[in-house]
Amino acid sequence: MQTQILEPDGGSLALAAKIIKSGGLVAFPTETVYGLGANAFDGDAVHSIYEVKGRPQDNPLIVHVHKDYDISGIVCDIPEYAKKLAEKYLPGPLTMVFRSKGAVSPAVSCGLDTVGIRVPSHPQAQAFLRCVDLPIAAPSANVSKHVSPVTARHVYADLNGRIPLILDGGKCAGGIESTVLDCTGAVPCILRSGLVTREMIAEVAGDCGVFVPRPGEKVRSPGMKYKHYSPDCRTMLFTYADRAAAYGEYERLNGEGQRAYLMCDDAVAAEFLPDNLLALGKTPEQIAANLYDKLREGERKADVIIAVAPERQDGVMAGVMNRLTKACGG
Ligand code: TXA
Ligand code: MG
């Protein structure tokens with residue numbers, strides 16, 4: 001199969017809609033990462049997402065809709081706090097999990113009685129969703145377990161020859177996946193952290209839990225149990241307090257003739273001034289936006305990526321730490 005990369009315009013959006021309606025897959029930009037979309041009502045199309053990605057069959061997909069799409073045919077029992085959150089943060093990088101009405105293909109939810117709904121804010125994601133006017137099941141458009149894609153080129157590198165079309169909307173500004181929020185309980189509970197932070201949710205909903213699986217307890221978001229976001233090279237992760245040791249390891253490995261790269265924020269980079277640098281930027285938003293791009297740059301250039309965790313780990317950095325820890329082996 002030939003994979004086309006096209007900028008979204010009238011012609012390419014009409015082509016995308018035609019592919020989706022005939023059961024095919026289309027990769028499209030969002031404000032977080034690129035998604036790999038299929039018609040959520042079409043079981044065969046949804047199954048092919050798992051095949052193309054090599055994704056485990058028990059890791060459910062998020063359903064994407066445009067901002068005027070009526071989700072009352074898909075989900076039920078939407079609590080008051082979720083309506084307030086939607087008002088404040090949607091369209092945007094927040095996925096809300098509700099009880100499913102069983103309208104979308106069972107392959108979307110992998111046997112769960114819930115479904116995650118996301119309304120992306122990226123104008124070209126909105127244009128695509130509006131053009132198809134169907135709920136679109138879409139995971140990140142990478143091969144399963146690899147680093148999520150934030151450019152059309154990243155999608156192409158992973159899925160060339162396996163999908164017909166990539167809509168190229170440039171580099172994603174957010175950089176890490178949406179916050180996944182369980183909205184089936186009395187209090188919302190974060191299943192995956194992201195750019196809509198616990199603090200932002202608690203401000204609107206009054207309270208917000210964070211799900212931490214205890215040993216033996218059933219995971220509520222199956223995606224949490226898998227290795228994820230991993231570059232195709234060796235990785236090491238040091239705490240901020242151990243950053244001097246990280247630099248020591250960087251020097252030692254380069255001295256041995258291995259290509260070690262230091263991945264860190266601008267402040268740590270300024271402390272050590274390494275030649276082989278994967279600079280994440282200064283602010284939490286910049287660090288989130290650059291993380292996957294730098295992991296992919298690292299796997300092209302380095303034998304070993306030596307990452308230094310950021311000093312602060314609250315707010316947006318909670319999401320960055322979650323991805324960085326998984327990228328570096330869990
Ligand atoms: O930003 C994003 O969310 C991107 C873009 C493309 O929208 N999508 C994305 O999808 O990250 P994916 O498939 O890579 O991650 C979806 C996560 C997984 O951890 C999955 O387990 C969880 O959402 N999830 C999906 N449906 C769920 C459900 N019904 N209950 C609990 N967790 C769910
Ligand atoms: Mg993913």
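All ligand and atom numbering here is 1-based and tracks the order in the structure. Positions are given from 1, in the same order as the sequence printed here.
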Heavy atoms of other groups near Lys21 NZ, more than 12 under 6.0 Å: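 Result for NZ/Lys21: enclosed.
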
Got a sec: does the CD of Glu256 have more than 12 other heavy atoms crowding it under 6.0 Å? yes

Below a 4.0 angstrom heavy-atom separation, can you tell me which part of His122, side chain or backbone, both or neither, approaches ligand 1? neither

State the atoms of ligand 1, each with its element, that fall below the 4.0 Å cut-off from a heavy-atom position in [X].
{"X": "Pro139", "value": "6 (C), 10 (O), 12 (P), 13 (O)"}
{"X": "Thr114", "value": "28 (C), 29 (N), 30 (N)"}
{"X": "Leu112", "value": "28 (C), 29 (N), 30 (N)"}
{"X": "His64", "value": "5 (C), 6 (C), 7 (O)"}
{"X": "Val180", "value": "23 (O)"}
{"X": "Arg118", "value": "1 (O), 2 (C), 3 (O), 5 (C), 7 (O)"}
{"X": "Gly35", "value": "6 (C)"}
{"X": "Asn59", "value": "18 (C), 20 (C), 21 (O)"}

Are [X] and [Y] within salt-bridge range, i.e. N to O under 4.0 Å?
{"X": "Lys84", "Y": "Glu80", "value": "no"}
{"X": "Arg198", "Y": "Asp314", "value": "no"}
{"X": "Lys301", "Y": "Glu297", "value": "yes"}
{"X": "Asp266", "Y": "Lys282", "value": "no"}
{"X": "Arg99", "Y": "Asp113", "value": "yes"}
{"X": "Arg296", "Y": "Asp158", "value": "yes"}

Whether Tyr69 and His66 hold their rings parallel, tilted or perpendicular, with breakpoints at 30° and 60°: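 Correct class here is perpendicular.
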
Is there a polar contact, in the sense of an N or O pair closer than 3.5 Å, between [X] and ligand 1?
{"X": "Thr30", "answer": "no"}
{"X": "Thr95", "answer": "no"}
{"X": "Ser140", "answer": "yes"}

Nearest heavy-atom neighbours spanning Pro149 and Ser140: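 Here Pro149 and Ser140 meet closest at CD-CB, 4.3 Å.
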
Considering Pro60, Gly174, Gly175, Ala138 one by one, which has a heavy atom nearer to atom 25 (C) of ligand 1 than any of the others?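 Minimum heavy-atom distance to atom 25 (C) of ligand 1 goes to Pro60.
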
Out of Ile62, Leu94, Leu61, who gets a non-hydrogen atom closest to atom 16 (C) of ligand 1?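 Among Ile62, Leu94, Leu61, the closest heavy atom to atom 16 (C) of ligand 1 belongs to Ile62.
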
Below 2.8 Å, can you find an N, O or S atom of Ser140 next to the Mg ion (ligand 2)? yes

